[in-house]
Chemist: 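This is the structure, below, for whatever I ask next.
Quick caveat, the model's predicted, so the values are computed rather than measured. Whatever order the structure lists ligands and atoms in, that order sets their numbers, starting from 1. Here, residue 1 is the first one in the sequence, and each next residue gets the next number.
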Amino acid sequence: MKAENIMVTRSAMPPFEEYMDMIQPLWESRCLTNMGRYHQRFEQELREYLGVECVSLMVNGHMSLEMAIQAMDFPSGGEVITTPYTFISTTHAIIRNQLSPVFCDIKLEDYTMDEERIEELITQKTVAILPVHIYGNLCNVHKISEIAKKHNLRVIYDAAHAFGEEIDGIGVGNYGDVSIFSFHATKVFHTIEGGAATFSDRNLYRKLYGLKNFGIFSEEVISEVGLNGKMNEFSAAMGLCNLIYIERNIEERKKRFLHYKKQLCEIEGLVMPALNMEHIKYSYGYFPVLFQPEILGKGIRDRIYDKLRQIRVYARKYFYPITADAECFQNRYRDIPLGNARYVGKNILVLPLFPELSYQAIDKIASIIRNECMTSGSIL
Ligand SMILES: *Cc1c(COP(=O)(O)O)cnc(C)c1O
């Protein structure tokens, strides 16, 4: 293997000339942002690709989530049932809207929110459920809808990891009142920085359109406390170029995902993503592996993380610490047992996965993991 750094991901780039051709007209028009031509075209193409009724493009995934929550006009102090097993953005978006996160533990099978534990967390103050399709593993959307309906709650999905995924042919962005996607450079699909909210309520389109433009609804009418959350034309152009290659990229990811599965099979104490995807179109965004310390001994995850770094492979401890344990809001919210989320956070490692990752690199990574697990397992 060449001595180059292998990061957990690598941005997919369209052919240089295609992007150049795309942005050249921007020099003529001088319309660089403010919902220009590419913005409109990209919203249209995404509606088709994601199979959703409405798409509102945003400056990034985080602001998409913040504005989606803001658009719901929840009373301040309301409680939002959410998962602590996610990127910190999810929890921040709740708190920055003057709402309180109520953490619900996750399932060990797929690390998504345990829908069986949602109802016991509902109080008079509960206003919404905010689950995350973590690693692209889809939540139990049907059960969550049922609970939300029964208790009259809104559902907002953080679908940052689930671009292009489908359940029985239905785009994942159709579930809940609104779903948000991230088009950050590190994600399966990117616009350098960017994001979007998807939903079916046309009124929400108008509302978000205003919110992302400082709350300005017409030249002389400012009717919401908005902010600057718009996607610019260069990002929209990148999105249009990348969209041409997305299926190919997902196919390349899938091959590497399956190669990892083969190279890491039958290691006792190592848990790989299950591939139980009969009804699911999956995007193969991540390859998380969990090292069971009860079989492989304590410290195995961190030892493998260090060993990989020695050969310049930068796997990531996503998601450790869980967001409930972040320093900035420790002990400030309802204390709920989160045994599964903490266990997974302590023992998981996300391995490099991207369309250009070489199979030799995967073999090398797998052999280091296998050796370390074999020695650790037998010492125990
Ligand atoms: C990346 C990510 C976000 C934030 O998206 P940005 O585009 O980086 O702002 C939010 N939630 C999850 C789960 C993410 O992975």
Side-chain angles (χ1 to χ4, degrees), residues 7-12 42 46 50 55-70 80 82-97 101 103-104 106 110-113 128-139 141 155-165 172-173 175-176 178-198 208 211-212 227-232 234-236 238-239 242 253 273 282-288 316-324 326 341 344-345 348 350 353-354:
M7 313 310 285
V8 75
T9 187
R10 189 161 189 257
S11 302
F42 185 37
L46 274 181
L50 297 175
V55 171
S56 183
L57 289 172
M58 306 284 184
V59 65
N60 57 47
H62 179 82
M63 292 313 306
S64 308
L65 189 54
E66 266 200 46
M67 283 187 276
I69 298 171
Q70 188 185 347
V80 178
T82 189
T83 170
Y85 193 72
T86 179
F87 182 48
I88 196 75
S89 165
T90 318
T91 309
H92 282 342
I94 295 169
I95 296 170
R96 291 172 56 85
N97 271 291
F103 296 109
C104 177
I106 59 169
D110 62 5
Y111 317 132
T112 65
M113 186 189 269
I129 307 172
L130 203 170
V132 180
H133 301 301
I134 201 75
Y135 306 130
N137 296 341
L138 300 178
C139 300
V141 291
V155 181
I156 301 162
Y157 280 105
D158 181 338
H161 293 183
F163 185 80
E165 297 197 346
V172 74
Y175 292 96
V178 51
S179 294
I180 73 92
F181 294 88
S182 163
F183 308 148
H184 186 255
T186 54
K187 300 286 180 3
V188 166
F189 171 81
H190 80 89
T191 61
I192 310 170
E193 291 267 9
T198 65
L208 288 170
L211 279 179
K212 70 184 171 189
L227 44 79
N228 185 353
K230 307 184 295 296
M231 176 179 282
N232 70 63
F234 289 77
S235 283
M238 181 59 94
N242 275 334
R253 285 177 169 277
Y282 188 62
S283 291
Y284 302 93
Y286 301 85
F287 198 84
R316 295 296 298 269
K317 300 176 193 179
Y318 290 150
F319 290 91
Y320 178 79
I322 62 168
T323 73
V344 176
I348 205 146
V350 174
L353 180 62
F354 46 87

Chemist: Indicate the atoms forming the closest heavy-atom contact of Ser179 with Ala159, along with that distance.
Modeler: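 The answer is CB-CB, 4.3 Å.
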Chemist: Within a distance under 4.0 Å of any heavy atom of Thr86, pick out the atoms of ligand 1 and give their elements.
Modeler: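 So the atoms of ligand 1 that pass are 13 (C).
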Chemist: Got the closest protein heavy atom to atom 15 (O) of ligand 1, with its distance?
Modeler: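 For atom 15 (O) of ligand 1, the nearest protein heavy atom comes out as His161 NE2, 2.7 Å.
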Chemist: Identify, by atom number and element, the atoms of ligand 1 in contact range of Ala160, meaning under 4.0 Å from any of its heavy atoms.
Modeler: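 Taking each heavy atom of Ala160 in turn, ligand 1 has 2 (C), 11 (N), 12 (C), 13 (C), 14 (C), 15 (O) under 4.0 Å.
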Chemist: I'd like to know whether CZ of Phe234 has more than 12 heavy-atom contacts from other residues, nucleotides or ligands below 6.0 angstrom.
Modeler: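 Check passes, neighbour count above 12.
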Chemist: Got an N/O contact under 3.5 Å between Phe87 and ligand 1?
Modeler: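 Such a contact does not occur with ligand 1.
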Chemist: Under 4.0 Å from any heavy atom of Asn60, which atoms of ligand 1 are there?
Modeler: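 Answer, ordered by atom number: 7 (O), 9 (O).
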Chemist: Any N/O of Glu193 closer than 3.5 Å to an N/O of ligand 1?
Modeler: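 The answer is no, given that Glu193 and ligand 1 share no N or O pair closer than 3.5 Å.
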Chemist: Gly194 heavy atoms, cut-off 4.0 Å: which ligand 1 atoms fall inside?
Modeler: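 This gives 7 (O) as the contact atoms.
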Chemist: I'd like the name of whichever of His184, Lys187, His133 reaches closest to atom 14 (C) of ligand 1 through any heavy atom.
Modeler: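 The residue whose heavy atom sits nearest atom 14 (C) of ligand 1 is Lys187.
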Chemist: N/O of Asp158 under 3.5 Å from N/O of ligand 1, yes or no?
Modeler: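 Right, the criterion is met.
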Chemist: Tell me the protein heavy atom at minimum distance from atom 9 (O) of ligand 1, and give that distance in Å.
Modeler: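 Looking at atom 9 (O) of ligand 1, the protein heavy atom closest to it is His62 N, 2.8 Å.
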Chemist: Side chains of Asn232 and Lys230 only: does a donor on one sit below 3.5 Å from an acceptor on the other?
Modeler: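 No.
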Chemist: Determine whether the aromatic ring centres of Phe183 and Phe163 lie less than 6.0 Å apart.
Modeler: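 Ring centres of Phe163 and Phe183 closer than 6.0 Å.
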Chemist: Starting from atom 10 (C) of ligand 1, which protein heavy atom do you reach first, and at what distance in Å?
Modeler: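 Of the protein heavy atoms, Ser89 OG, 3.3 Å lies nearest.
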Chemist: Which atoms form the tightest heavy-atom contact between Asp110 and Ile134, and what is the distance?
Modeler: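 For Asp110 versus Ile134, the nearest heavy atoms are O-CG2, 3.9 Å.
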Chemist: Any atom of ligand 1 sitting under 4.0 Å from a heavy atom of Ser64?
Modeler: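 Not so, Ser64 does not reach ligand 1.
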Chemist: Short list, please: which atoms of ligand 1 are under 4.0 Å from a heavy atom of Gly61?
Modeler: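 The atoms of ligand 1 under 4.0 Å from a heavy atom of Gly61 are 5 (O), 6 (P), 7 (O), 9 (O).
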Chemist: On a heavy-atom basis, which atom in Ala197 and which in Val178 lie closest, and how many Å separate them?
Modeler: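 Scanning both residues completely, I find the closest heavy atoms to be CB-CG2, 4.0 Å.
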Chemist: If I compare all heavy atoms of Pro131 with all of Ile156, which pair ends up nearest, and what's the gap?
Modeler: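 Shortest heavy-atom contact: CD-O, 3.2 Å.
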Chemist: If you take all heavy atoms of Ile95 and Pro101, which pair is closest and at what distance?
Modeler: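 Taking every non-hydrogen atom into account, CG1-CD, 3.7 Å.
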Chemist: Relative to each other, are the rings of Tyr85 and Tyr111 parallel, tilted or perpendicular (30° and 60° limits)?
Modeler: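 Ring orientation of Tyr85 relative to Tyr111: tilted.
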